[in-house]
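Here's the structure we're looking at; comments come further down.
Side-chain atoms are counted along with the backbone in the values below, which use heavy atoms only and exclude waters and symmetry mates. Please read all numbers here as calculations on a predicted model, not as lab measurements.
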Amino acid sequence: MFIFKTHTELSEWLRLQKSENHSIGFVPTMGALHSGHIALVKKAIEQNDLALVSIFVNPKQFNNAIDFEKYPITTNEDIAFLESVGCHAVYIPAVDDIYPEGLAHVDLDLGMLNEVLEGPKRPGHFDGVVQVVHRFFSIIQPDKVYLGLKDFQQCKVIEALTNTYFPNIHLEFCATERELTGLAKSSRNMRLSEAGKASASHIYQALQHIAHQYKKEDLSSAKRAAILYLSKHQIEVEYLESANADTLTLTSQWQEPTHNVVLLAAYLENVRLIDNIQF
Ligand code: AMP
């Protein structure tokens with residue numbers, strides 16, 4: 001597996017690969033890789049000639065300095081994990097390789113997408129996502145990009161960015177990988193105690209319960225019951241919202257089948273977790 005530390009070395013390799021008409025599948029990550037990330041990497045390997053992963057903890061997308069400082073870094077294990085599944089290349093840049101002096105700020109009006117859910121809770125977060133993804137896409141110009149639906153709103157933001165600036169890049173949205181308990185795999189789970197992990201599994205149970213109540217009960221009372229259920233498991237809900245899965249417009253009524261998404265952010269043991277369910 002090739003390991004690139006600078007965009008110059010990476011671009012050189014990409015130029016060679018593209019001259020031989022090799023397709024590139026790209027998986028952006030912040031490292032601390034788990035089997036959720038690896039599911040995306042495996043798809044990139046299957047569907048392209050070459051799979052490229054980036055590992056970069058993007059300072060611009062952290063609105064909370066402590067969250068940034070505590071973000072796990074496991075680069076050696078990540079490299080071994082990627083190598084073991086047959087990934088072709090990894091790009092591990094330093095901050096000034098991604099944000100060199102004088103790099104222009106990318107303007108993108110996210111409109112309502114930035115005004116709901118994670119937007120107001122994490123001011124500046126999606127602008128940071130837009131900056132880093134624009135930079136990666138400009139350097140790499142991949143054929144396909146693999147994104148996890150665990151970060152549902154992020155998928156919509158990157159879709160808006162891609163439609164505006166990179167219409168030739170194809171986005172693949174991939175299902176959330178979960179522990180057997182239902183807990184969505186996340187690099188942040190490492191910060192939970194064993195008891196915390198057991199408690200966190202109730203998040204998906206609560207989301208599933210809402211989905212099971214589809215049109216059997218009023219949506220708002222299903223959500224209220226879920227918040228109460230979670231509080232009994234030490235989970236403090238920051239938001240639990242239902243939305244139209246296409247537009248992410250918040251809704252108070254059930255949508256047509258497959259167009260419902262219920263999204264949650266919650267704190268447990270001072271760790272902020274997000275999850276969602278689509279039905
Ligand atoms: P991150 O390293 O958290 O920025 O995630 C990198 C990519 O992996 C994003 O597209 C995430 O949505 C995706 N991802 C993270 N966790 C999971 C999971 N449990 N299942 C599937 N994809 C995931």
Margin query: Between Lys18 and Asp143, is the salt bridge (charged side-chain N to carboxylate O under 4.0 Å, His left out) condition met? List the steps.
Written below: CA-CA 10 Å; Lys18 288 179 184 180; Asp143 297 279; over 6 Å; no

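- Residue Lys215 qualifies as enclosed at atom NZ: its count of foreign heavy atoms under 6.0 Å is above 12.
- How far OG1 of Thr162 is from CG of Leu171: 4.0 Å, rounded to the nearest 0.5 Å.
- Taking the six-membered ring where the residue is Trp, the centroids of His134 and Tyr165 are separated by under 6.0 Å.
- For the pair Lys60 and Tyr99, the cation sits on the ring face: its NZ or CZ lies under 6.0 Å from the ring centre, inside 45° of the axis.
- Remark: the backbone N or O of Leu147 is not paired with any side-chain donor or acceptor of Glu172 at under 3.5 angstrom.
- Between the Thr74 side chain and the Glu77 main chain, no donor and acceptor come within less than 3.5 Å of each other.
- Listed by first and then second residue, the side-chain hydrogen bond (donor to acceptor under 3.5 Å, both in side chains) pairs that reach into residues 266-277 are Glu118-Arg272, Arg178-Asp275, Ser193-Glu269, Glu238-Arg272, sequence neighbours excluded.
- Remark: the backbone N or O of Leu183 is not paired with any side-chain donor or acceptor of Asn189 at under 3.5 angstrom.
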Check: Do Asp67 and Arg122 pass the side-chain contact (heavy atoms from CB on, under 4.5 Å) test, and can you show the C-alpha distance, the side-chain angles, and the key distance before you say yes or no?
Finding: CA-CA 12 Å; Asp67 197 24; Arg122 303 186 68 188; 4.1 Å; yes

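- For NZ of Lys70, the number of neighbouring non-hydrogen atoms (other residues, nucleotides, ligands) closer than 6.0 Å is 12 at most.
- Not a single donor-acceptor pair under 3.5 Å links the side chain of Glu20 to the backbone N or O of Gln17.
- Checked against the 6.0 Å centroid threshold, Phe166 and Phe137 count as a close aromatic pair.
- Shown here are the side chain to side chain contact (heavy atoms under 4.5 Å, CB included) partners of His34, two or more places apart in sequence or in another chain: His37, Lys185, Ser187.
- Gln141 places a side-chain N or O within donor-acceptor distance of the main-chain N or O of Ser138, the cut-off being under 3.5 Å.
- Of the possible polar contacts, one joining the Asp97 side chain to the His7 backbone as a donor-acceptor pair under 3.5 Å is found.
- Distance alone, capped at 3.5 Å, is enough to place a donor-acceptor pair between the Ser23 side chain and the Asp49 backbone.
- Annotation for Ile66: atom CD1 does not count as buried by contact number, only 12 or fewer foreign heavy atoms lying within 6.0 Å.
- Every salt bridge (charged side-chain N to carboxylate O under 4.0 Å, His left out) that Lys197 has, sequence neighbours left out, goes to Glu194.
- For residues 210-253, the ring pair (Phe, Tyr, Trp, His ring centres under 6.0 Å) pairs, not counting sequence neighbours, are His202-Tyr229, His202-His233, Tyr214-Trp254, Tyr214-Phe279, Tyr229-His233.
- In this view, Glu101 satisfies the side chain to side chain contact (heavy atoms under 4.5 Å, CB included) rule with no residue, not counting sequence neighbours.
- Judged by distance alone, the side chain of Asn114 and the main-chain N or O of Leu110 form no donor-acceptor pair under 3.5 Å.
- In summary, the aromatic rings of Phe152 and Phe173 are positioned with their centroids too far apart to meet the 6.0 Å limit.
- The main-chain N or O of Asp246 is found under 3.5 Å from a side-chain atom of Lys156 such that the two form a donor-acceptor pair.
- A side-chain donor from one of Tyr146 and Gln47 sits under 3.5 Å from a side-chain acceptor of the other.
- Side-chain heavy-atom separations under 4.5 angstrom define the hydrophobic clusters, and Leu180 shares its cluster with no other residue.
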